[in-house]
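Here's the structure we're looking at; comments come further down.
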Amino acid sequence: MQILDGKLVSEAIKAQLATKVAELKAAGKKTPHLAAILVGNNGASETYVASKVKSCAEIGYNSTLLRFDEQISEKHLLDHITMLNENADVDGILVQLPLPKHINEELVINTIDPSKDVDGFHPMNVGKMVSGLPTFVPATPYGIMLLLEHYQIPTKGKHAVVIGRSHIVGTPVSILLSRSANPGNCTVTLCHSQTTNLKEICLQADIIVAAIGKPNFVTADMVKEGAVIVDVGINRVADASKKSGFRLLGDVKFDEVAPKCSFITPVPGGVGPMTIAALLKNTYHAAIGQKVNMN
Ligand SMILES: NC(=O)c1ccc[n+]([C@@H]2O[C@H](COP(=O)([O-])OP(=O)(O)OC[C@H]3O[C@@H](n4cnc5c(N)ncnc54)[C@H](OP(=O)(O)O)[C@@H]3O)[C@@H](O)[C@H]2O)c1
């Protein structure tokens, strides 16, 4: 079994981006600038946004963090997004999800200028991704593809089982794995809470992508010997022995699944850091006016 080390690969991607940014600066060109919006005090969201902003600083990007109270009105939030859309210095905009219940997430995403939508959630960018056109690919699926590419995981003709059909992870991953590209060319089965024979389907999988949001959901009896396991889940589980009061668990029961598989992503240190690396790549492409072509 080999670990798919997202931390290591993301550091390599960040180092490449840092070199490219230094070149842009030396040529008198614009420094990439990411604007992040955080609403409320969700602990996980705070951590994610803080690492995104920190990573920007590490590689020489500019970043702006706009923090708003939980009670912010939808209109006020949309006005701020419009301001960022109109600000020529800002290349990428991300709104950390989830948003408070009184704010319509769809409206918020649709308000972001598609050319600054570095999370790749705008319907225009989703449509382009589905059509195989150059676009901003959603950061987590893009990060997973970069990780598979880095480790040269064979995907052609393989059966990939994706568990979870969210717009931000499961559905886009299933599209990317099935397209005619490398990584890609998988036969994909997309599973969800209404799938009746999940265990039987998983046992046929050469590759499993677990994006469910339930700790230790994928157990050893669901996994074929030699399968490749990508664990997207980040679940906070109470742990009094930790200073934070919690520890992070993936959607895969790592200890029992790892000995059976050929490759596996750890949690933390797998897909999480790759998501940030992919977001930074999208922001670089936004700054130079170029979209990612996954074909
Ligand atoms: N590593 C990263 O950077 C990163 C990024 C994003 C998310 N995440 C993590 O990834 C996990 C998933 O996130 P998400 O946003 O995709 O979650 P989500 O929107 O809650 O979607 C969860 C998916 O899992 C499916 N599901 C739930 N119970 C199931 C069951 N018993 N059997 C089969 N499928 C089941 C749901 O099916 P239905 O559609 O039928 O409800 C849904 O499609 C979370 O732990 C999240 O924190 C990590």
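Start at 1 and go down the list; that is how both ligands and their atoms are numbered.
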So if I count the atoms of ligand 1 from 1 in the order they appear, which ones are less than 4.0 Å from some heavy atom of [X]?
X: Phe217; value: 30 (C), 31 (N), 32 (N)
X: Ile168; value: 15 (O)
X: Gly272; value: 1 (N), 3 (O)
X: Gly233; value: 9 (C), 10 (O), 11 (C), 45 (O)

For ligand 1, which is the ligand I care about here, please tell me if [X] has any N or O atom under 3.5 Å from one of the ligand's N or O atoms.
X: Tyr48; value: no
X: Arg165; value: yes
X: Ser193; value: yes
X: Val169; value: no

Which protein heavy atom lies closest to [atom], and at what distance to 0.1 Å?
atom: atom 11 (C) of ligand 1; answer: Gly213 N, 3.6 Å
atom: atom 28 (N) of ligand 1; answer: Lys214 NZ, 3.1 Å
atom: atom 33 (C) of ligand 1; answer: His192 O, 3.1 Å
atom: atom 9 (C) of ligand 1; answer: Val232 O, 3.5 Å
atom: atom 46 (C) of ligand 1; answer: Ile234 N, 4.1 Å

>> Pair Glu23, Lys20 - check salt bridge (Lys or Arg N to Asp or Glu O under 4.0 Å), show working.
In response: CA-CA 5 Å; Glu23 285 166 8; Lys20 287 181 172 182; over 6 Å; no
>> Please give the remaining members of the hydrophobic cluster of Ile208, linking ILVMFWY side chains under 4.5 Å, ordered by chain and number.
In response: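 Other cluster members: Met1, Ile3, Val161, Ile163, Leu198, Ile201, Ile212, Phe217, Val218, Met222, Val223, Ile229, Val252, Phe254, Val257, Ile264.
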> Rounded to the nearest 0.5 Å, what separation is found between the CG atom of Leu147 and the OH atom of Tyr151?
Replying inline: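 Between atom CG of Leu147 and atom OH of Tyr151 there are 6.5 Å.
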> Looking at CG of Leu107 and CG of Leu78, how far apart are the two atoms once the value is rounded to the nearest 0.5 Å?
Replying inline: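 Output value for this atom pair is 5.0 Å.
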> So, for atom 13 (O) of ligand 1, does the protein have a heavy atom nearer than 4.0 Å?
Replying inline: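 Flag for atom 13 (O) of ligand 1 set to false, no protein heavy atom closer than 4.0 Å.
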> Considering Ser166, Cys202, Gly143, which one's heavy-atom position lies nearest to atom 16 (O) of ligand 1?
Replying inline: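 Of the listed residues, Ser166 has the closest heavy atom.
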> Heavy-atom distance to atom 24 (O) of ligand 1: which of Thr171, Ile276, Ile212, Ile163 wins?
Replying inline: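 Checking each option, the heavy atom nearest atom 24 (O) of ligand 1 is found in Ile212.
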>> Against ligand 1, does Ala211 come closer than 4.0 Å with any heavy atom?
In response: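 Under 4.0 Å: yes for Ala211.
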> If you measure from each non-hydrogen atom of Asn235 to ligand 1, which part falls under 4.0 Å: side chain, backbone, both or neither?
Replying inline: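 Answer for Asn235: side chain.
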> How does Met274 reach ligand 1, by side chain, by backbone, by both or by neither, if only non-hydrogen atoms under 4.0 Å count?
Replying inline: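 Near ligand 1, Met274 shows nothing, with every heavy atom at 4.0 Å or more.
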>> If we count only N and O atoms by modelled type, under 3.5 Å, do the side chains of Thr135 and Asn125 hold a donor and an acceptor together?
In response: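 Yes, a side-chain donor-acceptor pair sits under 3.5 Å.
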